[in-house]
Amino acid sequence: LPTASSLLNCEVAMYMDRLAAGEEKFPESFGSLLEYVRKTNKFKSQSAVDEALNIVDASGLPHFARASLVNLMPETVEEARALIPDLDSLPDDDLSHILTNLKNTQNFVTN
């Protein structure tokens with residue numbers, strides 16, 4: 001779909017948690033997927049998710065590259081470039097700044 005954008009694991013976890021809190025019954029696969037996205041979720045609060053989105057949205061990168069950065073949380077510029085080829089156009093200093101800001105958000109934004 002040309003207008004579809006990639007979701008962050010943390011967004012999926014929050015959506016699925018809201019669904020699971022209801023009274024509707026879901027297949028077993030729903031529970032397995034919910035367990036997976038909770039485990040891979042890098043940002044636990046809505047404010048942290050919002051801040052992470054603000055950081056990557058300001059980069060001007062394609063949606064898939066933005067989601068990949070947040071979902072994978074690479075430690076270094078080299079690791080990020082190896083995992084996400086779309087980052088090749090971004091200068092090292094800019095990418096390093098994004099990675100640092102994401103890590104700070106992950107560590108310090110909790111509410």
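Positions are given from 1, in the same order as the sequence printed here.
- Note that CG of D50 is 8.0 Å distant from OG of S45, once rounded to the nearest 0.5 Å.
- Taking each heavy atom of R38 and A13 in turn, the nearest pair found is N-CB, 4.4 Å.
- Remark: side-chain polar atoms of E11 are not paired, donor with acceptor, to backbone N or O of L7 under 3.5 angstrom.
- Distance NE2/H97 to CG/N101: 4.0 Å, rounded to 0.5 Å.
- Atoms CZ and CG, from R66 and N71 in turn, are 13.5 Å apart once rounded to the nearest 0.5 Å.
- Atom-to-atom distance recorded for M16:CE and L19:CG is 7.5 Å, nearest 0.5 angstrom.
- Grouping Ile, Leu, Val, Met, Phe, Trp and Tyr by side-chain contacts under 4.5 Å, direct or through others, puts L53 with L8, M14, F43, V49, I55, V56, L61, L69, V70, L72, M73, V77, L83, I84, L87, L90, L95, I98, L99, L102.
- For the atom pair Y36 OH and S29 OG, the distance stands at 15.5 Å (nearest 0.5 Å).
- Across all non-hydrogen atoms, the minimal contact from R81 to D92 is NH2-OD1, 2.6 Å.
- N41 places no side-chain N or O within 3.5 Å of a backbone atom of V37 that could act as its donor or acceptor partner.
- No more than 12 heavy atoms of other residues, nucleotides or ligands shown are found within 6.0 angstrom of CD on E35.
- Environment of CZ in F64: sparse, with no more than 12 heavy atoms of neighbouring residues, nucleotides or ligands closer than 6.0 Å.
- In this structure, D88 places its CG atom where more than 12 heavy-atom neighbours from other residues, nucleotides or ligands lie under 6.0 Å away.
- If you take CZ on F108 and NZ on K103, they are separated by 10.5 Å, rounding to the nearest 0.5 Å.
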